[in-house]
Amino acid sequence: MGRQPHGAAPETGGAADFAPRLLAWFDGHGRHDLPWQHPRTPYRVWLSEIMLQQTQVATVTGYFERFVAALPELPALASASQEQVLALWSGLGYYARARNLHAAAKACVERHGGELPRDLDALVALPGIGRSTAAAILSQAWGDRHAILDGNVKRVLARYHGVDGWPGTPKVEKKLWAFAEAHVASPALPDDRLPDYTQAQMDLGATLCTRANPACLLCPLHTDCVAHREGRAGELPTPRPGKTLPQREAQVLWLEDAQGRILLQQRPPAGIWAALWTLPQADDEAQARQWLERTTTAAPAAGASLPAIAHAFSHYRLTLHPRRWHGVALRDRVGDNDGLRWVARGELRSLGIPAPIRRLLES
DNA sequence: AATGCGGGGAT
DNA sequence: ATCCCAGCATT
C-alpha cells in the first residue's frame, strides 16, 4: 500500500501515517536497552525471539543473560550438550523451543557456515522458526523489510483497523497479516528504520496498547484507531473462546538414599516436560506402590505425605501428591536403562527440571 | 482446523 | 480464578 494520491482519504488516510507516527513515538518512549539490543547480533536476536515466544520480557531477561554468558555464539550452542541447553532453559517452559534451538544451531553449522542465513525461507526451514520469528530476526538484526505478526502486533492491528474475530483463527490471522504487510511496505517507512519499526510495534503493544486498560490517550495512533474511535478498544481483539480445563492427578515419589541423594527419572522424549528430569511419577497410589516395590527397597506405607501441589498448564490442570522416603536403595535388577539416576542436591542446577518439581526439591 | 506444549504476570 | 503472553509443530 502506497501513499494516497492526494491528501488523506477519510477512511484509510491513517494507514500511511502508521509507521511515521509509530517511529516518532518510539524515539522518545520505546525500549532501547533490552539485553538483546546490545549488541544486536543475529544470534542474540534469534535467541531472544525464541525465548520470547509466548513468554513476557520480564520473564526472559534473566534466562537470556545466563544463556548468552554460557553460550555466547552460535557455534558454542551447536557444540553444547542437550543436557546443558535444557538446564539453561529449565523453568522457562515450552522445552521444545530449547530442543529446536539446539537442532537449528547444528543445522546452521552444517548448512550455513555456522551462521544464521539472511533469508526468510531458509530461516523458516530451521526448526522452531516460523514466519513471524524469521521476519523479526531479519528486520532487527539486518534491517531487512519484513512484516512481523506476534501477539503485540495482532492486538495493535486488530484495534487500529477494527478487525473482529479471535486472531487464533486462520481467517482473522490472514487479515492481520495483510495489514502488517501493507504497513511495512509503506514508502513512509524509511529503509534504515526497520529494526526500530519492528521494535516499536512490540513496544507499543507491550506498554500502551495492552490487553487490559490500554492507554489510548498516550498512543501516537489513537486518532486513526478504529477501535478507539468506536469505543471498542476494550473489546478487541476478540478473546479466545472459553473452555474448561481437564483435571489430572499424579503421585510424586521423592526418594533419598543413605547419602541424601535424590532419585530422578528422565521423562520420555515427547509429551509434557519431554526429556526433562523429574521425580518418579505414578497415576495413582496403587501404581505408585507397585513401582516402589518392584524398583526400590522403600516401604510404601512409610512415605511421609507432603502438601499437594497445584500446577496449571495451558491445556489441563495437574495436582501433584508428593510423598517422601529416606534411606532408600534400588533393587539389584534395576538397570540404568530406566532413566533413573541418583542426584546430589548440588547437581540439581545442572539439570533440566520442571519448575514445580524444582520448587518442591528446593523447599 | 484443532490441538499440544510451561510458566508466570496482570487483573 | 481467569486470561493470555515477542508462536511453532504436529495431526
Side-chain angles (χ1 to χ4, degrees), chain A residues 30-31 34-37 44-64 86 89-101 103-104 123-137 139-140 147-156 158 166-174 176-177 180 198-207 209-214 234 237-247 267-276 278 309-318 352-359:
Chain A
R31 295 176 293 186
L34 296 170
W36 40 92
Q37 295 175 322
R44 291 164 62 91
V45 170
W46 170 43
L47 176 62
S48 74
E49 288 299 328
I50 301 301
M51 287 187 166
L52 287 161
Q53 287 170 0
Q54 300 293 290
T55 312
Q56 296 179 351
V57 168
T59 303
V60 163
T61 50
Y63 286 89
F64 178 86
L86 286 177
W89 210 270
S90 182
L92 194 54
Y94 281 160
Y95 299 94
R97 294 184 295 175
R99 295 194 305 275
N100 286 335
L101 183 81
L123 284 172
V124 170
L126 294 169
I129 300 181
R131 179 176 171 187
S132 186
T133 297
I137 294 169
S139 63
Q140 293 199 268
I148 64 165
L149 189 65
D150 60 16
N152 286 310
V153 180
K154 284 177 180 172
R155 191 167 54 252
V156 169
W166 178 49
T169 67
K171 181 182 166 188
V172 175
E173 190 174 7
K174 190 177 173 185
L176 295 172
W177 266 117
T198 296
Q199 187 63 45
Q201 296 174 84
M202 300 190 284
D203 288 358
L204 186 76
T207 63
C209 196
T210 50
R211 182 168 66 88
N213 305 319
T238 307
R240 163 198 289 270
K243 58 183 188 311
T244 59
L245 299 181
Q247 170 74 40
R267 295 186 58 88
I272 200 77
W273 293 335
L276 268 62
T278 65
I309 298 168
H311 190 70
F313 296 99
S314 50
H315 47 307
Y316 64 91
R317 299 179 200 287
L318 180 64
I353 299 172
I357 302 299
R358 187 181 293 282
R359 269 197 299 273

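Fair warning: this is a prediction, and the values are worked out from it, not measured in the lab. Per chain, numbering begins at 1; letters A, B, ... match sequence-line order.
Under 3.5 Å, the side chain of A/Arg31 and the base of C/dA6 form at least one donor-acceptor pair of N or O atoms. No hydrogens or angles were tested; on distance alone, a donor-acceptor pair under 3.5 Å links the side chain of A/Thr55 to the base of B/dG6. On a pure distance criterion of 3.5 Å, no polar donor-acceptor pair joins the side chain of A/Arg211 and the base of C/dC5.
When side chains are defined from C-beta on, A/Lys243 does not count as touching A/His315, because their heavy atoms never get closer than 4.5 Å. Counting only heavy atoms from C-beta outward, the side chains of A/Gln53 and A/Tyr94 never approach each other to under 4.5 Å. Side-chain contact check for A/Ile50 versus A/Thr133: some heavy-atom pair is nearer than 4.5 Å. A/Leu47 has its side chain within reach of A/Phe64: a pair of non-hydrogen atoms, C-beta onward, lies under 4.5 Å apart. Proximity of A/Trp46 to A/Ile129: side-chain heavy atoms (C-beta onward) are separated by under 4.5 Å at one or more points. In this structure, A/Trp36 and A/Thr61 have side chains that are in contact, with non-hydrogen atoms separated by less than 4.5 Å.
Atom C1' of nucleotide B/dG7 and atom CD1 of A/Ile309 are separated by 15 Å, given to the nearest angstrom. Atom CG in A/Asn213 sits about 6 Å away from atom P in B/dT11, given to the nearest Å. Rounded to whole angstrom, the span from the CD atom of A/Gln53 across to the C1' atom of C/dC8 amounts to 6 Å. We find that OH of A/Tyr316 is positioned 10 Å from C1' of B/dG6, with the value rounded to whole Å. In this structure, A/Tyr94 atom OH and C/dC5 atom C1' are separated by 9 Å, rounded to whole Å. What separates CD of A/Gln54 from C1' of C/dC3 is a distance of 12 Å, to the nearest Å. One can place CD1 of A/Ile357 at 13 Å from P of B/dG6, the figure rounded to the nearest angstrom. Taking atom CZ on A/Phe313 and atom P on C/dC3, their separation rounds to 18 Å, with Å as the unit.
Nucleic acid contact for A/Trp36: base, since at least one base atom lies under 4.0 Å from a heavy atom of the residue. A/Gln199 comes within 4.0 angstrom of a nucleotide base, judged by non-hydrogen atoms across all strands. Note on A/Gly271: only backbone sugar-phosphate atoms sit closer than 4.0 angstrom, heavy atoms only; bases stay farther off. Using a 4.0 Å heavy-atom criterion, one finds that A/Gly91 contacts the sugar-phosphate atoms exclusively. Using a 4.0 Å heavy-atom criterion, one finds that A/Val57 contacts the bases of the nucleic acid, with or without backbone contacts as well. Residue A/Ala212 is classed as a sugar-phosphate contact, given heavy-atom separations below 4.0 Å to backbone atoms only. Among the atoms of the strands shown, none is found under 4.0 Å from any heavy atom of A/Arg99. Contacts of A/Leu92 with the nucleic acid, taken as non-hydrogen atoms under 4.0 Å apart, include base atoms. As judged by a 4.0 angstrom heavy-atom cut-off over every strand, A/Thr133 is placed among residues touching the sugar-phosphate backbone only.
Distances shorter than 4.0 Å separate none of the side-chain N or O atoms of A/Arg97 from OP1 or OP2 on B/dG4. One finds no side-chain N or O of A/His311 lying less than 4.0 angstrom from the OP1 or OP2 phosphate oxygen of B/dG6. For A/His315 and B/dC5, the shortest distance from a side-chain N or O to OP1 or OP2 is below 4.0 Å. When the side-chain nitrogen and oxygen atoms of A/Trp273 are compared with OP1 and OP2 of B/dG7, one or more of them lie within a distance under 4.0 Å. The side chain of A/Arg317 contributes an N or O atom lying less than 4.0 Å from OP1 or OP2 of C/dT2.
When the nearest nucleotides of DNA chain C are assigned to A/Gly205 and A/Leu126 by heavy-atom distance, the more 5′-ward of the two goes with A/Gly205. Residue A/Lys171 is the one, among A/Lys171 and A/Ala96, whose nearest nucleotide of DNA chain B lies closer to the 5' end (criterion: closest heavy atom).
Nucleotides B/dG8 and C/dC8 are separated by 22 Å at their P atoms, to the nearest Å. C/dA6 sits 23 Å from B/dT3 when the P atoms are compared, rounded to a whole Å.
The nucleotide whose nearest atom lies closest to any side-chain atom of A/Ser314 is, among B/dG8, B/dC5, C/dA6, B/dC5. Listed nucleotides B/dG8, C/dA6, B/dC5 differ in distance to A/Ala355; the shortest reach to its side chain belongs to B/dG8.
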May I have the step-by-step check of side-chain hydrogen bond (donor to acceptor under 3.5 Å, both in side chains) for A/Arg97 and A/Asn100, ending in yes or no?
-> CA-CA 5 Å; A/Arg97 294 184 295 175; A/Asn100 286 335; over 6 Å; no

